[in-house]
Peer 1: 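Handing you a structure now.
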Amino acid sequence: MSKPLPNLPAPVYDDPRHHIRLYQGDCLQILAQIPESSVDLVFADPPYFLSNGGITCHAGKMVSVHKGDWDKSKGPDANHDFNRAWLAACQRVLKPNGSIWVSGTAHVIHSVGFAMQQLGFKLLNDISWVKPNPPPNLSCRYFTHATETIIWAAKNNKSRHTFHYKLMKEQNRGKQMKSVWEIKPPEPWEKKFGKHPTQKPVALLERILLASTSEGDLVLDPFSGSGTTALAAMRTGRKAIGIEIETGYIEQTTKRLQDDANPVVFKRSHQHRRSASEEPVLFEMQG
């Protein structure tokens, strides 16, 4: 991996062997310093604005919903302005044929979808991620929350997005893969170095990356959290940039990546490898 670009701060984690870099700071500030049209795919798991004094069930106990100050709602208008801002910043760095996946619950996903429409993204799919054995609803006044929505969108209406249809069909036992995915929450091994309140399973990110990127593509996560996107990228032969503001989660991500780096155990799909001439320009990769 080459030297950091002059406009970007020094990465807090740099793995030139697997082409993974982590930057610490506000995602809007760091995204503004990343070159335009340099990223193949964005996966984002933004704040859901859930931490407002509610209750939930964790390990069979009633607990307060407080993921962190970053998850507190500032009101629907301010929340939507924030979603538009970071989505616009991601749209700028996406390549012309790039795409973006954004995960969320009902508290945020409708704002995300509307902001995408306002910004001119091309909506491709809304995936329903079904969680087996979800926590019970303690109030007994709602249906049990058992899904999250993940919106997949291309940069704009002119984009010719990547989709490895045949591979997804193969993974679905020869049938077209539907937009309802039943994937277990993170396994115990995924929380070996700590827990993140909105941590996604590696299996979910691996499916997303295999479906919509090619080996050697550059993936960006503006809300990196515990580093699942970077880990999935490393395991599937993609390059990755993670942006995270919290020191604790940077440390957790670093431990996860270092623990999984030797050997990388995921069997890569070499049929989707890019040629050397198609390498992402951001990292100026060598070799």
Side-chain angles (χ1 to χ4, degrees), residues 5 7-9 11 20-49 70-71 78-104 108-127 148-163 198 200 204-205 208-209 211-214 217-225 227-230 232-233 238-246 249 253 280-283:
L5 292 172
N7 291 334
L8 281 167
I20 308 292
R21 279 183 179 163
L22 300 178
Y23 294 92
Q24 185 170 11
D26 184 283
C27 70
L28 291 176
Q29 295 177 5
I30 294 177
L31 282 166
Q33 300 173 69
I34 293 176
E36 184 177 356
S37 302
S38 60
V39 172
D40 294 287
L41 183 108
V42 172
F43 175 83
D45 189 21
Y48 293 1
F49 307 119
W70 49 268
D71 193 51
N79 293 347
H80 186 67
D81 288 344
F82 172 72
N83 286 330
R84 275 199 56 149
W86 70 260
L87 280 165
C90 288
Q91 188 177 38
R92 186 189 70 83
V93 303
L94 277 175
K95 292 181 180 179
N97 294 326
S99 64
I100 182 171
W101 296 72
V102 184
S103 177
V108 71
I109 204 66
H110 303 297
S111 168
V112 167
F114 183 41
M116 285 181 166
Q117 290 177 306
Q118 291 177 313
L119 293 167
F121 284 93
K122 179 182 179 181
L123 301 181
L124 302 173
N125 273 120
D126 55 333
I127 303 296
E148 286 192 30
T149 299
I150 310 173
I151 297 178
W152 181 31
K155 180 171 182 173
N156 55 48
N157 286 326
K158 296 180 181 180
S159 301
R160 300 183 64 184
H161 64 277
T162 296
F163 179 46
T198 63
K200 298 296 179 285
L204 178 68
L205 268 298
I208 287 171
L209 298 189
S212 56
T213 63
S214 297
D217 277 357
L218 178 59
V219 179
L220 183 145
D221 188 334
F223 307 99
S224 182
T228 301
T229 302
R238 277 69 174 161
K239 305 177 180 76
I241 300 172
I243 304 172
E244 174 56 43
I245 198 168
E246 299 285 344
Y249 295 138
T253 298
V281 299
L282 177 58
F283 281 176

Peer 1: Just so I know, are the side chains of L8 and R21 near enough to count as touching, which here means a heavy-atom distance under 4.5 Å?
Peer 2: no

Peer 1: Can you list the steps and then say if L31 with L220 is a side-chain contact (heavy atoms from CB on, under 4.5 Å)?
Peer 2: CA-CA 10 Å; L31 282 166; L220 183 145; 3.9 Å; yes

Peer 1: Nearest 0.5 Å, what's the CD1-CD1 distance between I241 and I30?
Peer 2: 10.0 Å

Peer 1: Ignoring hydrogens, what is the shortest heavy-atom contact between A44 and P222? Give both atom names and the distance.
Peer 2: CB-CG, 3.9 Å

Peer 1: Could you grab the distance from atom CZ of R92 to atom CG of L87, nearest 0.5 Å is fine?
Peer 2: 14.0 Å

Peer 1: Is it true that a side-chain atom of R238 and a backbone atom of V219 form a donor plus acceptor pair closer than 3.5 Å?
Peer 2: no

Peer 1: How close do Q91 and F121 get, counting heavy atoms only, and between which atoms?
Peer 2: CB-CZ, 3.4 Å

Peer 1: For the atom pair CG (L209) and OG (S214), what is the distance rounded to the nearest 0.5 Å?
Peer 2: 11.0 Å

Peer 1: Rounded at 0.5 Å granularity, tell me how far CG in N157 sits from CG in L123.
Peer 2: 9.0 Å

Peer 1: Using every non-hydrogen atom in the two residues, find where E148 and S103 come nearest and quote the distance to one decimal.
Peer 2: OE1-OG, 3.0 Å

Peer 1: Could you state the interatomic distance from CD1 (I34) to OH (Y23), rounded to the nearest 0.5 Å?
Peer 2: 7.0 Å

Peer 1: Kindly say whether L218 contributes a backbone atom to a donor-acceptor pair with the side chain of D40 at under 3.5 angstrom?
Peer 2: yes

Peer 1: Please assess L94 against V42 for the test side-chain contact (heavy atoms from CB on, under 4.5 Å), listing each intermediate value before the final yes or no.
Peer 2: CA-CA 8 Å; L94 277 175; V42 172; 3.8 Å; yes

Peer 1: If you compare all heavy atoms of H161 against all heavy atoms of A154, which two are closest, and at what distance to 0.1 Å?
Peer 2: CB-CB, 4.3 Å

Peer 1: Classify the angle between the aromatic ring planes of F114 and H80 as parallel (below 30°), tilted (30 to 60°) or perpendicular (above 60°).
Peer 2: parallel

Peer 1: Calculate, to the nearest 0.5 Å, the distance between atoms CH2 and CG belonging to W101 and N125 respectively.
Peer 2: 6.5 Å

Peer 1: Go through the steps for S212 and W152 under the test side chain to side chain donor-acceptor pair (under 3.5 Å), then give the verdict.
Peer 2: CA-CA 10 Å; S212 56; W152 181 31; 4.6 Å; no

Peer 1: Measure the shortest side-chain to side-chain distance between I150 and L204 over non-hydrogen atoms and say whether it is less than 4.5 angstrom.
Peer 2: yes

Peer 1: Applying salt bridge (charged side-chain N to carboxylate O under 4.0 Å, His left out), can you list everything that pairs with K155, at least two apart in sequence or on another chain?
Peer 2: none

Peer 1: For the pair E244 (side chain) and Q24 (backbone), establish whether a donor and an acceptor sit closer than 3.5 Å, ignoring hydrogens and angles.
Peer 2: no

Peer 1: Backbone N or O of R160 within a donor-acceptor pair of the N97 side chain at under 3.5 Å?
Peer 2: yes

Peer 1: Do W86 and V102 touch side chain to side chain, with heavy atoms closer than 4.5 Å?
Peer 2: yes

Peer 1: After noting the C-alpha distance and the side-chain angles of S224 and I243, does the key distance pass the side-chain contact (heavy atoms from CB on, under 4.5 Å) rule?
Peer 2: CA-CA 5 Å; S224 182; I243 304 172; 5.6 Å; no

Peer 1: Looking at A233 and A240, what are the two nearest heavy atoms and their distance?
Peer 2: CB-CB, 3.7 Å

Peer 1: Can you find a heavy atom in the side chain of P11 that is under 4.5 Å from one in the side chain of L22?
Peer 2: no

Peer 1: Restricting to non-hydrogen atoms, name the atom on I109 and the atom on G104 that form the minimum distance, rounded to 0.1 Å.
Peer 2: CD1-N, 3.8 Å

Peer 1: Do T228 side-chain atoms and K200 backbone N/O form a donor-acceptor pair below 3.5 Å?
Peer 2: yes

